[in-house]
Amino acid sequence: MTTAKPAQGRQADLVAFARNTVDLINEKELLELLSEGRPLRVKFGMDPSSPDLHVGHMVQLLKLRELQELGHQIVLIVGDATAMVGDPTGKNKLRPQLSREDVERNLETYTDQARLVLDLERTEIRRNSEWFDKMDFTELLKLASRMTVAQMVERDTFQKRMKANEPIGIHEFLYPLMQGWDSVQVRADAELGGTDQLFNNLVGRTLQGQVGQRPQVVFTGPLINGLDGRKMSKSYENSVSLTDPANEMFGKLMSLDDESMEEWFRLLTQLPDEERQTVLAGHPREAKARLAEEITAFLHSPDAAKEARAAFDSQFRDKNVPEDIPLLEWPAQGEELPLFLLVAKLGLAQTSSDARRLQKQGAIRVNGEPELNDKRRFATGETEVLLQVGKRRFARVLISEVTSS
RNA sequence: GGGGGAAUACUCAAGCGGCCAACGAGGUCAGACUGUAAAUCUGAUGGCCACGCCUUCGCAGGUUCGAAUCCUGCUUCCCCCA
């Protein structure tokens, strides 16, 4: 079912594997594999412990897609068994162990999101519970005996945590072993991961070697920083989800640090090198808008991206009031409220204290005019009024003024 | 089994009897400016129809006119020795 590729094709494959990768262990073995002329089984592990994928994952997914288009077989491992362990990677905290139900729920949203980049029809998707659920304690011990504590402790995240006097659960040592065992189970020829996965993926090589398989080639893709230049992390809220609505996605991308533009362009768009250079040499705002449009177009559609860009320009560059402002209902039946409380009750501010602060700072506008008088009261009525809190929160509401003294 | 540490607001982290709604940093939010939800600068950041009132410093008690700070017990975590 497979036809051998000519040497020229192999060269193209090698370039694809090596382009934008950080580690490639190692090139010689990869060439040997490619020269067999068959599609390689390229493994990629997904950790279903968080419900959505962001553009950081997209870097790796795009690489997989590229390889997929060259005819290689992508094997997506869903780490449903591994997710039960929690995650030892640099979070500095023990990640909570997930229940089966959590994992199942995440799994669906995960594949839906991976579909945005990968052709899942041509992708082999395997859950690692497939083999780990069958593993009994004796087998587990055998697996655990394949590596030493010293080898485990080599891992930098463990090192750091030990230095910082942070706890490490015994079970966390199993995590790399499990991931490595996945490679044995699916007979991976190569495994892609973020640079943070290097250690784990190398364990796969070790284990495959021990059971007499040809050790997989390990290659890693760069981890991109978040919108603010710090490490991309959910808790920093500096990531862009693959499923963010187009407008939000575009806006978030526009808040990217200037310094990260080159990298994001290179890793997240299909733009040819030359065109990329040209765009980056131009006006920074234009370049960023182009980047945002490219990514939004890829994940949504070119039309949606255009609209998002137009809406963004209108609202933030030209400072127009956006369309589609919701008409909110008067929150407190029949009562009259001071402006700040109204804002709070409408959900435009977190708390009434928050609303007061915002008002004091001139962030609350009524029909476009900042209102600083915190004594001003309103009641429900017939007049439609535009409320604005900061630059991004808008609402319309029907009111009648009671006092303005 | 023995010994030593630690628990403070979103996060990190000061405070060690009154001047503490609690230093500082980050984050977040807002304002100004602009090239944008970049950068920079400034300010705010427990709650409350609020010039005052209420609730916070792991939990529960206690000492005191007065506690995040002292005492007792409990819980959780970390380290070292065995």
Side-chain angles (χ1 to χ4, degrees), chain A residues 90-94 160-169 225-240 244-265 279-293 295-296 308-320 322 331-332 334-365 369-379 387-394 402-403 405:
Chain A
K91 298 268 169 175
N92 295 330
K93 283 203 177 120
L94 292 169
K160 276 184 206 144
R161 284 166 61 182
M162 277 160 44
K163 278 200 188 100
N165 285 347
E166 280 166 15
I168 298 170
N225 284 328
L227 294 167
D228 53 5
R230 293 185 296 164
K231 189 181 156 206
M232 190 177 291
S233 156
K234 290 244 166 51
S235 45
Y236 290 157
E237 293 188 346
N238 61 357
S239 62
V240 181
D244 279 340
N247 281 337
E248 194 181 328
M249 180 178 288
F250 190 93
K252 279 188 183 179
L253 289 165
M254 284 304 281
S255 78
L256 178 71
D257 270 5
D258 283 4
E259 295 72 53
S260 307
M261 270 201 285
E262 193 276 336
E263 185 183 41
W264 283 49
F265 250 116
V279 172
L280 283 167
H283 195 293
R285 190 195 180 277
E286 273 310 300
K288 201 177 290 177
R290 177 70 188 277
L291 173 69
E293 194 175 337
I295 296 174
T296 308
R309 179 171 182 164
F312 184 90
D313 283 348
S314 164
Q315 184 175 349
F316 296 107
R317 191 190 59 193
D318 308 332
K319 297 187 168 34
N320 292 325
E335 274 184 78
E336 60 169 79
L337 300 169
L339 179 60
F340 73 91
L341 237 199
L342 172 64
V343 164
K345 291 206 191 246
L346 286 173
L348 298 171
Q350 300 285 315
T351 62
S352 75
S353 300
D354 188 32
R356 270 178 190 273
R357 284 192 288 270
L358 288 164
Q359 184 170 27
K360 200 177 295 176
Q361 297 184 108
I364 299 182
R365 290 162 204 268
E369 289 303 311
E371 177 55 66
L372 293 165
N373 181 1
D374 64 351
K375 296 285 194 305
R376 200 163 169 195
R377 301 176 78 89
F378 297 98
L387 284 179
Q388 190 177 348
V389 179
K391 292 190 180 79
R392 280 188 270 168
R393 278 167 279 174
F394 294 87
V402 176
T403 55
S405 57

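Nothing here was measured: the structure is a model prediction, and the numbers come from that model. Proteins come first, then strands; the chains are lettered A, B, ... in the order of their sequence lines, and each starts at number 1.
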Original post:
So does A/E248 pair up with A/K252, basic N to acidic O under 4.0 Å?
Top reply: yes

Original post:
Does the distance from a Lys or Arg side-chain N to an Asp or Glu carboxylate O, for A/E286 and A/R317, drop under 4.0 Å?
Top reply: no

Base, sugar-phosphate alone, or nothing: which one does [X] contact when heavy atoms must sit under 4.0 Å apart?
{"X": "A/L337", "answer": "base"}
{"X": "A/G251", "answer": "base"}
{"X": "A/D257", "answer": "sugar-phosphate"}
{"X": "A/R393", "answer": "sugar-phosphate"}
{"X": "A/K345", "answer": "nothing"}
{"X": "A/L341", "answer": "base"}
{"X": "A/T351", "answer": "sugar-phosphate"}

[atom1] spacing across the pair [N] / [M], given as an integer number of angstrom:
{"N": "B/U45", "M": "B/U11", "atom1": "C1'", "value": "14 Å"}
{"N": "B/G31", "M": "B/C16", "atom1": "C1'", "value": "39 Å"}
{"N": "B/U69", "M": "B/A6", "atom1": "P", "value": "14 Å"}
{"N": "B/G26", "M": "B/U63", "atom1": "P", "value": "43 Å"}
{"N": "B/A67", "M": "B/C19", "atom1": "P", "value": "11 Å"}
{"N": "B/A21", "M": "B/C48", "atom1": "C1'", "value": "14 Å"}
{"N": "B/C71", "M": "B/G18", "atom1": "P", "value": "15 Å"}
{"N": "B/G4", "M": "B/C23", "atom1": "P", "value": "34 Å"}

Rounded distance (Å) that lies between atom [atom2] of [N] and atom [atom1] of [X]:
{"X": "A/N238", "N": "B/U11", "atom1": "CG", "atom2": "P", "result": "17 Å"}
{"X": "A/K319", "N": "B/G31", "atom1": "NZ", "atom2": "P", "result": "10 Å"}
{"X": "A/Q350", "N": "B/C29", "atom1": "CD", "atom2": "P", "result": "10 Å"}
{"X": "A/M254", "N": "B/A38", "atom1": "CE", "atom2": "C1'", "result": "8 Å"}
{"X": "A/Q359", "N": "B/A50", "atom1": "CD", "atom2": "C1'", "result": "13 Å"}
{"X": "A/D258", "N": "B/A38", "atom1": "CG", "atom2": "P", "result": "10 Å"}
{"X": "A/F316", "N": "B/A30", "atom1": "CZ", "atom2": "C1'", "result": "14 Å"}
{"X": "A/Q315", "N": "B/A37", "atom1": "CD", "atom2": "P", "result": "9 Å"}

Original post:
Taking only residues two or more places apart in sequence, or in another chain, which ones meet A/F394 in a ring-ring contact (aromatic ring centres under 6.0 Å, His included)?
Top reply: none

Original post:
Does a side-chain heavy-atom distance below 4.5 Å link A/D374 with A/K360?
Top reply: no

For the side chain of [X], counting heavy atoms from C-beta on, which of [options] is nearest?
{"X": "A/P284", "options": "B/C49, B/G35, B/U36", "result": "B/G35"}
{"X": "A/R317", "options": "B/C49, B/G35, B/U36", "result": "B/U36"}
{"X": "A/S352", "options": "B/A37, B/A30, B/C49", "result": "B/C49"}

**OP:** Starting from the 5' end of RNA chain B, give me the residue, A/E335 or A/V389, whose nearest nucleotide shows up first.
**Re:** A/V389

**OP:** Return the 5'-most residue of the pair A/R357, A/R392 with respect to RNA chain B, ranking by each residue's nearest nucleotide.
**Re:** A/R392

**OP:** Supply the atom-to-atom distance A/L342 CG to A/L348 CG, rounded to the nearest 0.5 angstrom.
**Re:** 8.0 Å

**OP:** Quick one: closest heavy-atom pair of A/D258 and A/K288, and the distance?
**Re:** OD1-NZ, 2.7 Å

**OP:** Would you name the heavy atoms of A/E262 and A/L280 that are closest together and state the gap between them?
**Re:** CG-CD1, 3.7 Å

**OP:** Return the stems involving RNA chain B, sorted by first number, where pairs are Watson-Crick (N1-N3 with N6-O4 or O6-N4) or G-U wobble (N1-O2 and O6-N3), both under 3.5 Å, and runs are 3 or more long.
**Re:** B:1-7 with B:75-81, B:10-12 with B:24-26, B:27-32 with B:40-45, B:46-48 with B:52-54, B:58-62 with B:70-74

**OP:** Give the intermediate values and the outcome of side chain to side chain contact (heavy atoms under 4.5 Å, CB included) for residues A/V240 and A/L256.
**Re:** CA-CA 10 Å; A/V240 181; A/L256 178 71; over 6 Å; no

Original post:
Could a donor-acceptor pair under 3.5 angstrom be found where the side chain of A/K360 meets the base of B/U45?
Top reply: no

Subject >> B/G47 OP1/OP2 closer than 4.0 Å to side-chain N/O of A/S353 >> reply: yes

**OP:** Might you work through the side chain to side chain contact (heavy atoms under 4.5 Å, CB included) test for A/W264 and A/L227, ending with a clear yes or no?
**Re:** CA-CA 10 Å; A/W264 283 49; A/L227 294 167; 3.9 Å; yes

